[in-house]
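Numbering starts at 1 and runs along the sequence shown.
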Amino acid sequence: MNNSWFVIVNPNAGNGNFKKLWAQIQQELTHNKISFEFEFTTHHKHEIELVHKAISNGFSKIISCGGDGTLHHIVNGVMRQTIINNDAVTIGVIPLGTGNDWIKTYHIPKNTSKAIQIIKNQNSVYQDIGYLKLENTSSYFNNVAGIGYDGYVVNKLNKLKRFGPIAYLLSGLSGLLFYKRTPFRLVVNNSTVTDTCLMTLFGICKYSGGGMQLTKYKKSNDGLLDITFAKNLNILDLVYNLNKLYNGKITSHNKVTTYVTDKITVTPTKHTDLPFIQADGELIGTGAVEVSIIPNAIQFIIP
C-alpha cells in the first residue's frame, strides 16, 4: 500500500487565483514533509476516475483540493470502487471552492497552510455517507442533500457561479420568486405524510447553502439522517426569518417538521414540473428519491 497522499486538484477552484494558490499548496506540502502525487481534474466528475486510478495504484489517502463539489465526487469515487473497503480510505481537504460548507462542521480553516497542518497531524474521524436512489441514477453524499427549493437553487447556481459568493444569494432570491411549491408524499419511520412542500432536506453534517443551518444537526456518525420537511413556507416567512436560516432556529418554525431516520422516501404527487434533487450542491436529477445512510463509511482528516 502506498503511504503517500494522492491530491486531486480542481484547477477551476480558487476564485480566479488558482495558479498562485496551487504554488503555495505544493510548497506547504513539501515543507511539511508530506509525500504526495497529484493530478488535475479536466472534466465533470473526473474525480471519480482519478480516485479509481489512485486506489488501483495503491493509494488509500486522498486529498481533495477544491470545493464541496470536488469532495462530493471524490466521495462518490471512493464509494463506487471495489478494490479496497471504503472505510480503509482516508480523505483530507484543502478548501479552495466558493461555498465550502462541509468544512464548517469540523472547523477546518480556509487558510491553506492551516488546512495542510491538519492533514499532517492525521487526526481522523469515521463519518456516515448518504445514498440517493432515483429512478434512473444514484449518488452518494457526505454533507446535505435535498429535493425541491434547494434543488432549484443549485440548478440556478450552476448558471451563476461566475458571480462568486454572491451567486448563492442571487440563486436563493430567484428561487423565492419563481419556484413553485410541490405536493410531496414522505414515507418515514413507518408513517406516510402528504403535504405541499418548499423542500425536504437530508442532513449528515451541519451547514449547506453557503453557511445556512437547515437541519437539526446532531452527529455526523450516528447512523441517522437529520430530516427537515419545510412545508408551505412563503417569501415573507423566509425573509422575516432570514437570520434563523443561519442560526439553525428555522427548524423550530411552525411550518417545519423534523425527523431522525436511517431511511426516507420522497415522492412528488404531481407528475409535471418534477422538482430537482441536489447532493452537496451538485445537481443529481429530478423526481422521486429514496434516501438511506451507510454508517462510518469513510475516514476524514479533521482538527
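Partners of F184 by ring pair (Phe, Tyr, Trp, His ring centres under 6.0 Å), not counting sequence neighbours: none found. Partners of N86 under the side-chain contact (heavy atoms from CB on, under 4.5 Å) rule, at least two apart in sequence or in another chain, are V78, M79, A297. Scored by the side-chain contact (heavy atoms from CB on, under 4.5 Å) test, K104 finds D101, Y207 as partners (sequence neighbours excluded).
Judged by distance alone, with hydrogens and angles left aside, the side-chain atoms of D68 form no donor-acceptor pair with the main-chain N or O of D280 at under 3.5 Å. Under a 3.5 Å cut-off, the side chain of N111 and the backbone N or O of K114 do form a donor-acceptor pair. Using a distance-only test at 3.5 Å, with no hydrogens or angles considered, a donor-acceptor pair links the side chain of H52 to the main chain of G77. Here the side chain of K218 pairs a donor or acceptor atom with the backbone of K216 at under 3.5 angstrom. The backbone N or O of C197 lies less than 3.5 Å from no partner atom in the side chain of D195, so there is not a single donor-acceptor pair. Without hydrogens or angle criteria, N142 side chain to V75 main chain gives no donor-acceptor distance under 3.5 Å. Formation of a donor-acceptor pair under 3.5 Å by the K61 side chain with backbone atoms of N3 is found in this model. A donor-acceptor contact shorter than 3.5 Å is absent between the side chain of N85 and the backbone of D87. Put simply, the side chain of E290 never gets that close to the backbone of K133: no donor and acceptor are under 3.5 Å apart. Counting only distance, with no hydrogens or angles, the side chain of T269 and the backbone of P183 share a donor-acceptor pair below 3.5 Å.
At a threshold of 4.5 Å between non-hydrogen side-chain atoms, the residues I63 and V93 do not count as touching. Using a 4.5 Å heavy-atom cutoff, the side chains of E282 and H44 are in contact. Between V187 and I264 the shortest side-chain heavy-atom distance does not fall below 4.5 Å. With contacts defined as side-chain heavy-atom distances shorter than 4.5 Å, the pair N241/H253 qualifies. Looking at heavy atoms from C-beta onward, I119 lies in side-chain contact with I94 at the 4.5 angstrom threshold. Contact annotation: the side chain of F229 never approaches that of M199 to less than 4.5 Å [non-hydrogen atoms, C-beta and beyond]. Under the 4.5 Å side-chain criterion, counting only non-hydrogen atoms from C-beta, S60 is in contact with I84. Between F6 and I55, every side-chain heavy-atom pair lies at or beyond the 4.5 Å cut-off.
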Verdict with reasoning, I301 to I91, per side chain to side chain contact (heavy atoms under 4.5 Å, CB included): CA-CA 6 Å; I301 298 293; I91 298 176; over 6 Å; no

Audit row: I62, V51, side chain to side chain contact (heavy atoms under 4.5 Å, CB included) steps and yes/no: CA-CA 8 Å; I62 297 171; V51 166; 4.1 Å; yes

Residue pair E47, T41: steps toward the side-chain hydrogen bond (donor to acceptor under 3.5 Å, both in side chains) verdict: CA-CA 6 Å; E47 297 92 339; T41 59; 4.6 Å; no

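Separation of atoms CZ (F18) and SG (C65) is listed at 6.5 Å; rounding is to 0.5 Å. Interatomic distance, CG of L224 versus CG of D222, reported as 4.5 Å (0.5 Å rounding). The distance from atom OG of S113 to atom CG of L29, rounded to the nearest 0.5 Å, is 10.0 Å. Expressed to the nearest 0.5 Å, how far CG of L96 lies from OG1 of T112 amounts to 7.5 Å. Going from atom OG of S191 over to atom CG of L186 covers 10.5 Å, rounded to the nearest 0.5 Å. Atom NZ of residue K120 and atom CD1 of residue I34 lie 7.0 Å apart, to the nearest 0.5 angstrom.
Of the candidates T215, L245, T228, I250 forms a side-chain contact (heavy atoms from CB on, under 4.5 Å) with just one, namely L245.
Ring to ring, H73 and H46 are not that close: their centroids are 6.0 angstrom or more apart. Taking the ring centroids of F300 and W102, they lie under the 6.0 Å cut-off.
Under the 4.5 Å side-chain heavy-atom criterion for grouping Ile, Leu, Val, Met, Phe, Trp and Tyr, I293 is not connected to I298 through any hydrophobic cluster. Cluster membership for V291 and V193, using ILVMFWY side-chain heavy atoms within less than 4.5 angstrom, is shared. In terms of hydrophobic clustering, with Ile, Leu, Val, Met, Phe, Trp and Tyr side chains grouped at heavy-atom distances under 4.5 Å, V188 and V289 are assigned to a common cluster.
Shown here for Y131 and F141, the closest heavy-atom pair between the two residues is N-CE2, 3.6 Å. Considering every non-hydrogen atom in both I277 and G287, the closest pair reads CD1-O, 3.4 Å. Nearest heavy atoms, G130 versus I204: N-CD1, 3.1 Å. Considering all non-hydrogen atoms of both residues, A115 and I108 come closest at CB-CG2, 4.5 Å. Residue Y140 comes nearest to H72 through the heavy atom pair O-CE1, 3.0 Å, listed as atom of the first residue, atom of the second, then distance. Heavy atoms only, all atoms of each residue included: S139 and N76 are closest at OG-OD1, 3.6 Å.
More than 12 heavy atoms of other residues, nucleotides or ligands lie within 6.0 Å of NZ in K255, so this atom counts as buried by the packing criterion. Remark: Q27 CD is loosely packed, at most 12 non-hydrogen atoms of other residues, nucleotides or ligands lying under 6.0 Å away. Annotation for K219: atom NZ does not count as buried by contact number, only 12 or fewer foreign heavy atoms lying within 6.0 Å. The 12-atom threshold is not exceeded at CD of E135, counting heavy atoms of other residues, nucleotides or ligands nearer than 6.0 Å.
Using bins of under 30°, 30° to 60° and over 60° for the plane-to-plane angle, the ring pair F40/F38 lands in the tilted bin. Ring-plane geometry between F36 and W22 is classed as perpendicular, the angle between the planes exceeding 60 degrees on a 0 to 90 degree scale with a lower cut at 30.
There is no side-chain donor-acceptor pair under 3.5 Å between S220 and Q127.
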